[in-house]
Amino acid sequence: MSLYNDAESVLISKEQIAQKVKELAKTLTEEYKDKNPLLICILKGSFIFFADLIREMNIPVEIEFMAISSYGTASTSSGEVKVVKDTDKSLENRHVIIIEDIIDTGLTLSYLKNMLARRAPASIKICALLDKPDRREIEIEADYLGFKIPNHFVIGYGLDYAQKYRNMPDVCILKKSVYS
Ligand code: IMP
């Protein structure tokens with residue numbers, strides 16, 4: 001069975017992603033030069049984006065990983081998240097950048113950002129690869145964004161459906177028949 005069997009179509013190709021990652025990294029390199037930023041990868045969905053992005057940044061950075069899980073189902077979620085794996089380092093007086101795969105309702109990221117803001121960082125910003133603004137339930141925007149996309153369920157480049165497809169190099173639209 002091919003990896004792409006459950007993909008309806010390619011939404012963003014690996015070439016388009018690579019180009020955008022370069023642009024984002026260039027912006028971050030300029031804005032965070034001399035700031036020794038602390039980049040936090042939100043597992044698991046962001047791991048490929050994160051690895052590509054930091055290798056395009058031409059300044060010293062430090063990295064941390066966080067894993068979170070939401071309470072309840074997506075449709076009833078309050079956005080309250082449980083921290084499954086926390087950062088090892090303190091965020092105090094650090095210039096923190098949260099690296100996220102996709103902003104959907106915004107509930108998870110909003111909760112996470114508020115939680116991390118209470119740890120007294122010097123600054124805290126969000127960098128997201130994808131944004132589905134049509135689905136937003138709470139006001140939150142990425143400070144650095146790759147692509148705004150329409151309301152489709154997407155897979156690939158780190159994003160999963162039922163833990164699969166993370167290794168697809170492109171971002172694809174998942175066939176509706178897979179989840180309905
Ligand atoms: P939010 O709290 O609704 O913004 O949830 C964001 C999280 O839901 C992301 O970090 C993803 O893990 C997941 N998610 C939302 N939309 C998609 C999608 O289209 N494909 C894969 N995961 C998604």
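First listed ligand is number 1; within each ligand, the first listed atom is number 1.
- Between V154 and ligand 1, an N or O atom pair is found at a separation short of 3.5 Å.
- The closest approach between a heavy atom of R135 and any atom of ligand 1 is not below 4.0 Å.
- The shortest heavy-atom distance from I155 to ligand 1 is not under 4.0 Å.
- The N/O atoms of G106, backbone and side chain alike, include one that comes under 3.5 Å of an N/O atom in ligand 1.
- Counting heavy atoms from C-beta outward, M66 and L116 have side chains that approach closer than 4.5 Å.
- Among protein heavy atoms, the minimum distance from atom 6 (C) of ligand 1 is reached at I102 O, 3.8 Å.
- Below 4.0 Å from some heavy atom of L159 lie the following atoms of ligand 1, by number and element: 20 (N), 21 (C), 22 (N).
- Put simply, atom 1 (P) of ligand 1 has protein non-hydrogen atoms near it, under 4.0 Å away.
- Of all heavy-atom pairs between L39 and I54, the closest is CD2-CG2, 3.6 Å.
- Ionic pairing of R119 and D86 is present here: one or more N-O contacts between side-chain nitrogen and carboxylate oxygen are shorter than 4.0 angstrom.
- Not a single heavy atom of G45 sits less than 4.0 Å from an atom of ligand 1.
- Within ligand 1, the atoms closer than 4.0 Å to a non-hydrogen atom of H152 are 19 (O), numbered from 1 in the order shown.
- Closest heavy-atom contact between C127 and L24: SG-CD1, 4.5 Å.
- At least one heavy atom of K132 sits less than 4.0 Å from an atom of ligand 1.
- Between C172 and A7 the shortest heavy-atom distance is CB-CB, 3.8 Å.
- Ligand-side atoms of ligand 1 in range of E100: 10 (O), range being under 4.0 angstrom from any heavy atom.
- Ranking protein heavy atoms by distance to atom 10 (O) of ligand 1, first place goes to D101 OD1, 2.9 Å.
- Nearest heavy atom pair, residue N36 against residue R94, reads O-NH2, 2.8 Å.
- One hydrophobic cluster, built from ILVMFWY side chains closer than 4.5 Å, cannot hold both Y165 and F49; they sit in different ones.
- For the pair T108/I42, no side-chain contact is recorded, criterion being any heavy-atom separation below 4.5 Å from C-beta on.
- Among protein heavy atoms, the minimum distance from atom 3 (O) of ligand 1 is reached at T105 OG1, 2.5 Å.
- Close contacts between ligand 1 and D160 involve ligand atoms 21 (C) [criterion: under 4.0 Å to a heavy atom].
- Taking the six-membered ring wherever Trp is involved, the centroid distance between the rings of F65 and F47 does not fall below 6.0 Å.
- Among all non-hydrogen protein atoms, the one lying nearest atom 5 (O) of ligand 1 is T108 OG1, 3.5 Å.
- Scanning both residues, I140 and I126, for their nearest heavy atoms gives CD1-CD1, 3.7 Å.
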